[in-house]
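Each remark here refers to the structure printed beneath this line.
Counting convention: from 1, in listed order, for ligands and their atoms alike. Because only heavy atoms are used, hydrogens play no part in the values below, and waters and symmetry mates are left out as well, while side chains stay in.
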Amino acid sequence: MRLNACELEIDLFCRGMRLASDVDLNGARSVSRTRAGLGSGLEIMLPTGARIKPYVWVNVPVVERFAAASPYNLAGDFQGGHRIIDERSGDSYAVKLPREPRWYSETTSRGVPMSRVGVLQGSLLGIYINPVCAFWNYAPALNCRFCTTGQNVGMNEAADKTIADVVETCRAARDESGVTFVHLNGGFQGSRGLEFAAPYVAAIKREVGILVGLQFAPERSFERYDAVIDAGVDHLSFCLELIDPDWFARICPGKARVHGQRLFIDAMAYCAKRLPRGAVSGEIIAGLEPVERTLEAIELIAGLGAFPTVCIFRPTVGADLEDWPPPSYQEMRRVMVRVYEACRRHWIPIGIAPNIEVSLVVNPDDAALLVEPSVARYTYEVWRQMLQLLVRPLFGYRLRSRTATS
Ligand code: SF4
């Protein structure tokens, strides 16, 4: 059966894709292994046929072992267009490959290649601002078993990024790529996570004027969240990853030993009360623990007033779990339907901020394409669209830079 854009997105995450021997990728965004390594695929835009959300973005696994057995094959070129062929059915899907921006080959004023500072993951800019997450320094290492940050920071990306490096890269990405949102992360940094990040947030808000999201290990002193909110942060996300305590301890030994699940949940709840609805998210990985537990985590996060960001497990090359199988399409489809339904029932305003399409996950509003028409769905969709119009001036205000020089 022919898949719609969100179904194809899910199946590509689960099965990966092969590249035809004559496919033309010249000028496409290069496969980039930075941050946790989950963006190690090929960036692709899948047309939806809808005016409001014309494309679903997906970072398709192409280098992982399971991708070699994928029924999907990418063919074509930039003149005639690219298409994905499903070799099981013969179905052909026209797709778009975003071009690599010129700023990827520019350097910051101290000579650091901007592509080693930030990376486009869909329409957002992702920057890992800290030294390597401290979980990699323990012996034996306490890193999360799906993560490859310890292999990427200092290798595929600059080991240290100054505020000037980050500001200049944000400005280039805004000017050339139309970026409206930068996502800053940094793993576990002891008690220095948010404290380290606050000056970056303030400088980006002041000098570039794009939306800024932060993703760090949870802090025990919640006043630290107040400080970054005062500095102008627009979004905070919390990587709970797994709700089952045994799976959490097994896959995220550092988080289990140092933080515990309760702290993630309490910090998320605190921030969801402090920031506008829809500005906080809880991140989980689907495809490791039993799917019923994933559904439970989705309900928990949405019940706090945050939106669930669900990453489909990718056995990334070099990760401790690189030999694990990816999850099944049917289960992941069920998970994504639950994401949308939970957001709808809790009136979480998803897909409201301008031009934020994340390629590493199925965005909650992508999943609208999975849900059968109903009065409840229609009402929620109308509410989201009205809200989007209403908050446009607010985002216009938050997207202004605060200096005359930018
Ligand atoms: S906290 Fe876990 S996922 Fe995040 S950078 Fe550290 S090891 Fe990787």
### Query
Below 4.5 Å, heavy atoms only, C-beta onward: do Y104 and L120 meet side chain to side chain?
yes
### Ring centers of F188, F135 separated by less than 6.0 Å
yes
Donor-acceptor contacts under 3.5 Å from residues 364-371 side chains, at least two apart:
from	atom 1	to	atom 2	distance (Å)
D365	OD1	K53	NZ	3.4
D365	OD2	K53	NZ	3.1
D366	OD1	K53	NZ	2.8
D366	OD2	N363	N	3.1
D366	OD2	N363	ND2	3.3

### Task
Report, in ascending order of atom number, the atoms of ligand 1 lying under 4.0 Å from any heavy atom of W136.
7 (S)
#### Entry: Distance filter under 4.0 Å to K255 heavy atoms, resulting ligand 1 atoms
1 (S)
### Candidate with minimal heavy-atom separation from atom 3 (S) of ligand 1, of A217, C144, P253, G186
C144
### Query
Taking the six-membered ring of Y93, is NZ or CZ of R2 closer than 6.0 Å to its centre and within 45° of its axis?
yes
### Carboxylate-amine/guanidinium contact E341 R344, below 4.0 Å
yes
### Message
Only heavy atoms of G187, strictly under 4.0 Å: list the atoms of ligand 1 that pass.
### Response
5 (S)
### Message
I need the contact type for C133 against ligand 1. Using non-hydrogen atoms and a strict under-4.0 Å cut-off, is it side chain, backbone, both or neither?
### Response
side chain
